[in-house]
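Note that these values count all heavy atoms, side chains included, but never hydrogens, waters or copies made by symmetry.
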Amino acid sequence: MKLSKVESLMVGEVISVTPATPFKDVAKLLAEHDITGLPVLDDDGRVLGVVSESDLLVRQASAGGADEEPQEPRHGRTTPRSTADTRDDKREGLTAGLLMSAPAITVHAEDTVAKAARTMLRRGVERLPVVDAEDRLVGIVTRRDLLQVFLRPDSEIRRHVIEDVLTGVLGLAPNVIDVHVVDGVVTLEGQLERHSQIPVVLQVTQRLDGVVSVVDRLTSRDNDSGLTPPEGAEYGWPW
């Protein structure tokens, strides 16, 4: 069964920075390209971390300090400096390497879309740098990119359920189970030979790209739920 891989959805041309990139340049790149984060790369193109809008805002807030800060004395007296001047001075010393969140949370190009989505949800991030086997940047994928799998037409989803799940995994004839798909919701209706096949069909169908949910209307001739599958058996057993 073929599942969509990250490489099919990722953007290959990525705007990135180095650890030495100044605060203002990072902010400028985010604004110019209308993006919310940038990967930070070392000299070999490996991802060290990610600097985001949130990282910049946290630093912006912490740079506030007091309303006034003493300046060098002029003619025997101290001249107060404005808050804006003070904040500008503090930001001058900030770089992407100091601002970034590290280590970077990444995925590989050959990872499935489902794995990337789970990583985003679990780690609470909106984008993931995509790396090769040596952790060098090859692309980036966002939540919006991952949502594209749910734009798959119902007819295509139905075809994959029949060909990849019913025929490919279970070895069934295409007409044994009725498959209906409406707006990504798959309804499976019919009778299988064994009860142990039902959860397998449901789980594998749910993993298909574009499937929103699965409605179970399956029955079985034999109840083999008490049998223990042999070690290493895949997708339930027996068939």
Revision key, fill the gap. So CD1 of I198 and OG1 of T219: to nearest 0.5 Å the spacing works out to 6.5 Å
Check your understanding: Do Q197 and L218 come close enough that some side-chain heavy atom pair is under 4.5 Å?
Key -> no
Check your understanding: Just by modelled atom types, is the G168 backbone N or O under 3.5 Å from a matching donor or acceptor in the D164 side chain?
Key -> no
Check your understanding: With distance as the sole test, does D154 use its side chain to make a donor-acceptor pair with the main-chain N or O of D183 at under 3.5 Å?
Key -> yes
Study note, to complete from the structure: V6 and A116 have their tightest heavy-atom pair at CG2-CB, 3.8 Å
Practice item. Starting from the C-alpha separation in whole Å, work towards a yes-or-no answer on side chain to side chain contact (heavy atoms under 4.5 Å, CB included) for M10 and V138. Key: CA-CA 9 Å; M10 72 181 190; V138 295; 4.3 Å; yes
Point to revise | Side-chain (S220) to main-chain (N223) donor-acceptor, under 3.5 angstrom | key: no
Exercise for review: Look up atom NE2 in H160 and atom OG in S155, then write down how far apart they are to the nearest 0.5 Å.
Suggested key: 9.5 Å
Point to revise | Sidechain-backbone polar pair: T21 side chain, T18 backbone, donor-acceptor under 3.5 Å | key: yes
Exercise for review: Look at E7 together with K5 and state whether they make a salt bridge at an N to O cut-off of under 4.0 Å.
Suggested key: no
Check your understanding: Is there side-chain contact between E193 and D222, with at least one heavy-atom pair below 4.5 Å?
Key -> yes
Check your understanding: Is the closest side-chain heavy-atom distance between I140 and I35 below 4.5 Å?
Key -> no
Exercise for review: Ignoring hydrogens and angles, tell me if any N or O in the side chain of T187 forms a donor-acceptor pair with the backbone of V215 under 3.5 Å.
Suggested key: no
Review point. Given L170 and I177, is the side chain to side chain contact (heavy atoms under 4.5 Å, CB included) satisfied, shown in steps?
Key: CA-CA 11 Å; L170 296 182; I177 300 298; over 6 Å; no
Check your understanding: When you check the side-chain N and O atoms of T36 and R127, is any donor under 3.5 Å from an acceptor?
Key -> yes
Check your understanding: Would a distance-only check, ignoring hydrogens and angles, find a side-chain to backbone donor-acceptor pair under 3.5 Å from R143 to V125?
Key -> yes
Check your understanding: So do V182 and V185 actually touch side chain to side chain, heavy atoms under 4.5 Å?
Key -> no
Study note, to complete from the structure: Shortest non-hydrogen pair, L41 vs L48, comes out as C-CD1, 4.1 Å
Check your understanding: After noting the C-alpha distance and the side-chain angles of Q148 and D145, does the key distance pass the side chain to side chain contact (heavy atoms under 4.5 Å, CB included) rule?
Key -> CA-CA 6 Å; Q148 291 182 28; D145 296 329; 3.9 Å; yes
**Study point:** Flag if over 12 foreign heavy atoms under 6.0 Å of CG, D43
**Key:** no
Review point. Which atoms form the tightest heavy-atom contact between A96 and V26, and what is the distance?
Key: CB-CG2, 4.0 Å
Practice item. Measure the spacing between CG of L208 and CZ of R152 and express it to the nearest 0.5 Å. Key: 7.5 Å
Practice item. Look up atom CD in E163 and atom CZ in R158, then write down how far apart they are to the nearest 0.5 Å. Key: 10.5 Å
Study note, to complete from the structure: Interatomic distance, OG1@T106 vs CZ@R136, rounded to 0.5 Å, equals 14.0 Å
Exercise for review: Check the hydrophobic clustering (I, L, V, M, F, W, Y; side-chain heavy atoms under 4.5 Å; chains of links allowed) and say if V113 and V131 are grouped together.
Suggested key: no
Review point. How close do V47 and A104 get, heavy atom to heavy atom, and via which atoms?
Key: CG1-CB, 3.4 Å
Review point. Do other residues, nucleotides or ligands put more than 12 heavy atoms under 6.0 Å from R221 CZ?
Key: yes
Revision key, fill the gap. Taking every heavy atom of T205 against every heavy atom of V211, the minimum-distance pair comes out as O-CG2, 3.4 Å
Review point. Got more than 12 heavy atoms from elsewhere within 6.0 Å of CZ, R217?
Key: no
Check your understanding: Hey, does L172 have a side-chain heavy atom less than 4.5 Å from the side chain of T167?
Key -> no
Check your understanding: Which pair of heavy atoms, one from V50 and one from P129, lies closest together, and at what distance?
Key -> CG2-CG, 3.8 Å
Check your understanding: So do L188 and V161 actually touch side chain to side chain, heavy atoms under 4.5 Å?
Key -> yes
Review point. Roughly how far, to the nearest 0.5 Å, is CG of D209 from CD of E156?
Key: 9.0 Å
Exercise for review: Report yes if some heavy atom in the side chain of L128 is under 4.5 Å from a heavy atom in the side chain of M120; otherwise report no.
Suggested key: yes
Practice item. Using a 4.5 Å cut-off on heavy atoms from C-beta on, say whether the side chain of L166 contacts that of V176. Key: no
**Study point:** Worked check of side chain to side chain contact (heavy atoms under 4.5 Å, CB included) between V58 and D55
**Key:** CA-CA 5 Å; V58 168; D55 296 321; 5.9 Å; no
**Study point:** Main-chain N/O of E134 paired with R46 side-chain donor or acceptor, under 3.5 Å
**Key:** yes
